[in-house]
Amino acid sequence: MTKKFIFAGVATALLATTAVPALAKHHEKDGAMHSDASLTAAINHERREDDKARDVYRNPAETLAFFQVKPTQTVAEYGPGGGWYTRILLPYLSGSGKYVAINGDSDSINFTDRAREGRSKSWPERFPDAASKWTGVPAEKIAAYESDEVPEEMKGKIDRVLIFRSLHGMLNGARADSELRALREIIADDGMIGIVQHRADADAPYAMSKGTKGYLKQDSVVALFELNGFELVDSSEINANPKDTKDYEKGVWTLPPVLTNKDEDRAKYQAIGESDRMTLLFKKRP
């Protein structure tokens, strides 16, 4: 397949400007909606034994409730990576709903070697088996597509698209506009897109908020989505962390769970916890 080079254009420019403030409600952590019993069961399942240490920072029950995810919906997880949320979502949806995994368009990536290119392009074939091993859900019940290869019959049928802590990757790869346009095509007219993203301070300098450190300004994210056909529905402080100083030379990865500095100041960064995060819910604009 021929590589395409997608330029960030508007997306990159947004990071250097101050966007208009979002007009939405702000839910405090203690006032978040509670999940249903089946979601609680999925979160507490023994298969998540190694994941549970992150629950205190990622608040999966409150986050999915805020995104209004229901077990009867068709839900797409963008960039599932190692499957932390997949191990909750897939079992939760496998009874009456449908889980769909989506990765970015591999043709928009300039790969540094053939091995990376091969792994990326084979992901839709490999992911169902991996997710089946994680969750026990049969691989044949698990759909995985690149964003530009979602079947025509599925377009306009997705109830929720969820993007967890990876929007900066789209921007860093100059793919944010093209990916958001592709995701807009698959969302139902009454569907929504939920975002959890590392949050830079509103007055943070460009170098610390352009995405290369993992952090983005909340107003810039809202403006990016608005320019790509979405409207902010609501925002929440469920995943906020005021201890995060957001000034690390090695970016957000200085904090858990990555701890880039290894044993250097390990206790200090563990005491901070995971990053301060915005939690935003958008709907398609007509």
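Numbering of residues begins at 1 and proceeds along the displayed sequence.
- Within the model, atoms CD1 of Ile272 and CG of Asp276 stand 11.5 Å from one another, a figure rounded to the nearest 0.5 Å.
- Distance check: Leu64 CG to Lys70 NZ gives 11.0 Å after rounding to the nearest 0.5 Å.
- For Arg48 (side chain) and Ile88 (main-chain N/O), no donor-acceptor pair under 3.5 Å exists by modelled atom type.
- Counting only distance, with no hydrogens or angles, the side chain of Lys141 and the backbone of Ser94 share a donor-acceptor pair below 3.5 Å.
- Ion pair Lys52/Asp55 not flagged as a salt bridge, since none of the NZ, NE, NH1 or NH2 atoms sits closer than 4.0 Å to an Asp/Glu carboxylate oxygen.
- Hydrophobic clustering keeps Trp253 apart from Trp84 (ILVMFWY residues linked when any side-chain heavy atoms are closer than 4.5 Å, directly or through intermediates).
- Around the CG atom of Asp113, the shell of radius 6.0 Å holds more than 12 heavy atoms that belong to other residues, nucleotides or ligands.
- Atom CD1 of Ile43 sits about 11.0 Å away from atom CG of Asp51, to the nearest 0.5 Å.
- Taking a 6.0 Å sphere around CD of Glu249, one finds it holds 12 or fewer heavy atoms contributed by other residues, nucleotides or ligands.
- Thr86 places a side-chain heavy atom less than 4.5 Å from the side chain of Pro80.
- Taking the charged nitrogens against the carboxylate oxygens, Lys217 and Asp203 have no contact shorter than 4.0 Å, which rules out a salt bridge.
- A side-chain donor-acceptor contact under 3.5 Å links Tyr78 and Glu179.
- Formation of a donor-acceptor pair under 3.5 Å by the Gln73 side chain with backbone atoms of Gln68 is found in this model.
- No side-chain heavy atom of Val75 sits less than 4.5 Å from a side-chain heavy atom of Lys98.
- Under a hydrophobic clustering in which Ile, Leu, Val, Met, Phe, Trp and Tyr are joined whenever their side-chain heavy atoms come within less than 4.5 Å, directly or via other members, Val196 and Tyr99 fall into the same cluster.
- The side-chain heavy atoms of Arg54 and Pro257, taken from C-beta on, include a pair separated by under 4.5 Å.
- Side-chain polar atoms of Asp36 and Tyr92 form a donor-acceptor pair below 3.5 angstrom.
- Residues Leu162 and Ile193 form no side-chain contact, since every pair of their non-hydrogen atoms from C-beta on lies 4.5 Å or further apart.
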Side chain to side chain contact (heavy atoms under 4.5 Å, CB included) evaluation trace for Lys121 with Asp107: CA-CA 9 Å; Lys121 292 185 180 298; Asp107 286 347; 2.8 Å; yes
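- Annotation: the span from Thr212 atom OG1 to Leu171 atom CG amounts to 10.5 Å, rounded to 0.5 Å.
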Side chain to side chain contact (heavy atoms under 4.5 Å, CB included) assessment of Val161 paired with Phe67: CA-CA 10 Å; Val161 172; Phe67 290 153; over 6 Å; no
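- Relative to the ring axis of Trp134, Arg47 does not place its NZ or CZ within 45° and under 6.0 Å from the centre.
- You'll find the side chain of Ser132 reaches within 4.5 Å of the side chain of Ile142, heavy atoms only.
- No hydrogens or angles considered: nothing links the side chains of Ser106 and Glu117 as a donor-acceptor pair under 3.5 Å.
- The side-chain heavy atoms of Leu232 and Leu280, taken from C-beta on, include a pair separated by under 4.5 Å.
- Under the 3.5 Å distance criterion, with hydrogens and angles disregarded, no donor-acceptor pair is assigned to the side chains of Tyr248 and Thr260.
- Ion pairing of Arg199 with Glu237 is present here, as a side-chain N (NZ or NE/NH1/NH2) and a carboxylate O approach within less than 4.0 Å.
- By the 4.5 Å heavy-atom criterion applied to side chains, Phe164 and Ile195 are not counted as neighbours.
- To the nearest 0.5 Å, atom CD of residue Glu226 and atom CZ of residue Phe282 are 7.5 Å apart.
- A side chain to side chain donor-acceptor pair (under 3.5 Å) with Gln197 is found for one member of Arg165, Arg277, His168 and no other, namely His168.
- Checked for salt-bridge contact, Lys155 and Glu185 meet the test: a charged N lies under 4.0 Å from a carboxylate O.
- Leu255 and Met278 fall into different hydrophobic clusters, where Ile, Leu, Val, Met, Phe, Trp and Tyr are joined by side-chain heavy atoms under 4.5 Å apart, directly or via other members.
- Note on Leu183: it clusters hydrophobically with Met154, by side-chain heavy-atom contacts below 4.5 Å among ILVMFWY residues.
- Tyr215 and Ile163 fall into different hydrophobic clusters, where Ile, Leu, Val, Met, Phe, Trp and Tyr are joined by side-chain heavy atoms under 4.5 Å apart, directly or via other members.
- Atoms CG and OG, on Asp105 and Ser178 in that order, are 7.0 Å from each other to the nearest 0.5 Å.
- A side chain to side chain donor-acceptor pair (under 3.5 Å) with Thr279 holds for exactly one of Asp234, Thr63, Asn59, Asn239; it is Asn239.
- Listed by chain and number, the residues in a side-chain hydrogen bond (donor to acceptor under 3.5 Å, both in side chains) with Asn261 are Lys250 (sequence neighbours excluded).
- Across Asp189, Asp159, Asp190, a single residue satisfies salt bridge (Lys or Arg N to Asp or Glu O under 4.0 Å) together with Lys284, and that is Asp189.
- Under 3.5 Å, the side chains of Glu77 and Tyr85 contain no donor-acceptor pair of N or O atoms.
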